[in-house]
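Throughout, a chain's letter reflects where its sequence line sits, starting with A, and its residues are numbered from 1.
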Number of protein chains: 2
Amino acid sequence: MNISSQRPYREVLDRLRACGLRPTRQRLGLARLLFAGSDRHVTAEGLHSEAIAADVPVSLATIYNTLHQFTEVGLLREVVVDATRSYFDTHTADHHHFFNEKSGLLIDIPDADVVISQLPPTPEGTKIHRVDVIVRIVD
Amino acid sequence: MNISSQRPYREVLDRLRACGLRPTRQRLGLARLLFAGSDRHVTAEGLHSEAIAADVPVSLATIYNTLHQFTEVGLLREVVVDATRSYFDTHTADHHHFFNEKSGLLIDIPDADVVISQLPPTPEGTKIHRVDVIVRIVD
DNA sequence: GTGATTGCAAATCTTTTGCACTAAA
DNA sequence: TTTAGTGCAAAAGATTTGCAATCAC
């Protein structure tokens, strides 16, 4: 057991603490899976399988709780592209998506790669919370 | 009973026939509700309640069948904005939406009011099926 | 300890399906 | 007739909830 193998735990642990989330075994395990590498898009079921495979025993109920808690504190962002399933994105900054409806694959588009040069005024009494551009693609 | 009150039936009937859909009592009733006035956004449950209230007895199963059949033949368009519910839009031309996440209200944005002046190339081997812009608004 | 978190199983909600019945052509 | 369409009730899938057991602090 060496220092460097511990670092990811420490970083993730601090990150959870910083968000006010108690770093439980489940949350730590899921956070390590989610934030280990580059940006990811997961579904509850997908993350659950992955967690089980990675020896991070978690119930599906806890997966849902965790995904929503992470989303609330800004560690994740929900992407609505498919009426039958919720996707969660580890990339939380503004950006957009390609969505392959056949395969269900979601691909990030950097915010800078989409330029919206005109948008109508929002309805009276409302303001923009966020603009989602979904480029639906087919093979 | 006069001629003019019959016209909507005839028009709707012809429209269904033109799409290759047998004009059954249920489909006619639903089509009249959907295409009576200006553009509308409905959910299965909402349309069902409305149909019952308008003395167009239809089962929820038939509502779902009908919404999907209408979508297949291009009379409706599905709008994915909310992970928990499917919306169907009687406006089938290209356009975008404001979506009030609190109230669930969908508002059309004419295609011409949104100008996307830059979009990245689609992934290798794919092409654009459609681009959806969802402006999520809050009160 | 004590309050937050978890897991399980049951409940809920939306949508789909199987199949006998009904209606359109 | 003959085949498409409908309704019902059951099934399926995703997500949520209630509650007792467990864990972090």
Side-chain angles (χ1 to χ4, degrees), chain A residues 9-10 12-31 33 41-52 55-73 75-76 78-88 101 104, chain B residues 9-10 12-33 41-52 55-73 75-76 78-88 101 104 106:
Chain A
Y9 281 108
R10 166 54 51 84
V12 165
L13 193 150
D14 289 343
R15 195 161 176 193
L16 290 181
R17 284 226 176 89
C19 295
L21 291 175
R22 210 181 258 194
T24 63
R25 180 167 37 77
Q26 291 83 341
R27 295 211 268 234
L28 274 168
L30 295 177
L33 288 174
H41 302 98
V42 301
T43 60
E45 199 58 65
L47 182 59
H48 188 230
S49 312
E50 195 181 331
I52 300 305
D55 275 310
V56 178
V58 200
S59 71
L60 195 50
T62 296
I63 294 278
Y64 277 105
N65 285 338
T66 304
L67 287 173
H68 287 133
Q69 290 156 352
F70 281 12
T71 300
E72 269 166 36
V73 301
L75 291 175
L76 291 176
E78 190 171 357
V79 184
V80 181
V81 284
D82 182 333
T84 69
R85 216 186 325 276
S86 287
Y87 285 79
F88 292 85
E101 307 204 62
Chain B
Y9 281 108
R10 167 54 51 84
V12 166
L13 193 150
D14 289 343
R15 194 161 176 194
L16 290 181
R17 284 226 176 89
C19 295
L21 291 175
R22 210 182 259 194
T24 63
R25 180 167 36 77
Q26 290 84 340
R27 295 211 268 233
L28 274 169
L30 295 177
R32 291 192 70 225
L33 289 175
H41 301 98
V42 302
T43 60
E45 199 57 64
L47 182 58
H48 187 231
S49 312
E50 196 181 331
I52 300 304
D55 275 310
V56 178
V58 200
S59 72
L60 194 50
T62 297
I63 295 276
Y64 277 105
N65 286 338
T66 304
L67 287 173
H68 288 134
Q69 290 156 353
F70 282 11
T71 300
E72 269 165 37
V73 300
L75 291 176
L76 291 176
E78 191 171 356
V79 185
V80 181
V81 285
D82 182 332
T84 68
R85 214 183 328 275
S86 287
Y87 286 79
F88 292 85
E101 308 205 60
L106 259 183

[X] side chain, from C-beta outward: closest of [options]:
X	options	answer
T24(B)	dT6(D), dG7(D), dA23(C)	dT6(D)
R17(B)	dA24(D), dA4(D), dA25(C)	dA25(C)
Q26(A)	dG3(C), dT6(C), dT14(C)	dT6(C)
R22(B)	dA24(C), dT6(C), dA4(C)	dA24(C)
R27(A)	dT15(C), dT6(C), dC25(D)	dT6(C)
Y64(A)	dG7(C), dT16(D), dG7(D)	dT16(D)
S59(B)	dA24(D), dC8(D), dC8(C)	dC8(D)

Reported [atom1]-to-[atom2] distance for the pair [X] and [Y], which is rounded to 0.5 angstrom:
X	Y	atom1	atom2	value
L106(B)	D82(B)	CG	CG	9.0 Å
R32(B)	L16(B)	CZ	CG	11.5 Å
L21(B)	L28(B)	CG	CG	10.5 Å

**Asked** What nucleic acid atoms does H68(B) come within less than 4.0 Å of, heavy atoms only: base, sugar-phosphate, or nothing?
**Response**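 Here H68(B) touches the backbone only, sparing every base.
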How close do [X] and [Y] get, heavy atom to heavy atom, and via which atoms?
X	Y	answer
A44(B)	L60(B)	O-CD1, 4.1 Å
A51(A)	V58(A)	CB-CG2, 4.1 Å
S86(B)	E78(B)	OG-OE2, 3.2 Å

**Asked** Just by modelled atom types, is the T66(A) backbone N or O under 3.5 Å from a matching donor or acceptor in the R27(A) side chain?
**Response**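 Here the side-chain-to-backbone pair does not exist.
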**Request:** For H68(B) and Y64(B), indicate whether the former's side chain and the latter's backbone hold a donor-acceptor pair under 3.5 Å.
**Result:**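 The answer is yes, because a donor-acceptor pair under 3.5 Å joins these two groups.
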Protein-nucleotide distance ([X], atom [atom1]; [N], atom [atom2]), rounded to Å:
X	N	atom1	atom2	answer
L30(B)	dT6(D)	CG	P	9 Å
R25(A)	dT22(D)	CZ	P	12 Å
N65(B)	dA4(D)	CG	C1'	12 Å
E45(A)	dA12(D)	CD	P	16 Å
F88(B)	dT14(C)	CZ	P	14 Å
L60(A)	dA14(D)	CG	P	9 Å
I52(A)	dT6(C)	CD1	C1'	13 Å
F70(B)	dG5(D)	CZ	C1'	12 Å

**Item:** Five-pair end axes of the helix from dG1(C)-dC25(D) to dA25(C)-dT1(D), angle between them (10°)
**Value:**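 Comparing the first five pairs with the last five, the axes sit 30° apart.
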**Asked** Starting at the 5' end of DNA chain D and moving along, which residue's nearest nucleotide shows up first, A61(A) or I63(B)?
**Response** I63(B)
**Request:** Please determine which of T43(A), L47(A), L67(A) meets the side-chain contact (heavy atoms from CB on, under 4.5 Å) test together with F88(A).
**Result:**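 Exactly one pass, corresponding to L67(A).
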**Asked** Do V73(A) and Q69(A) have side-chain heavy atoms sitting under 4.5 Å apart?
**Response**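 SC-SC contact between V73(A) and Q69(A) ruled out.
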**Message:** What residues from residues 78-86 of chain B pass a heavy-atom cutoff of under 4.0 Å to DNA chain C?
**Reply:**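 Of all residues in residues 78-86 of chain B, the ones placing a heavy atom under 4.0 Å from DNA chain C are T84(B), R85(B), S86(B).
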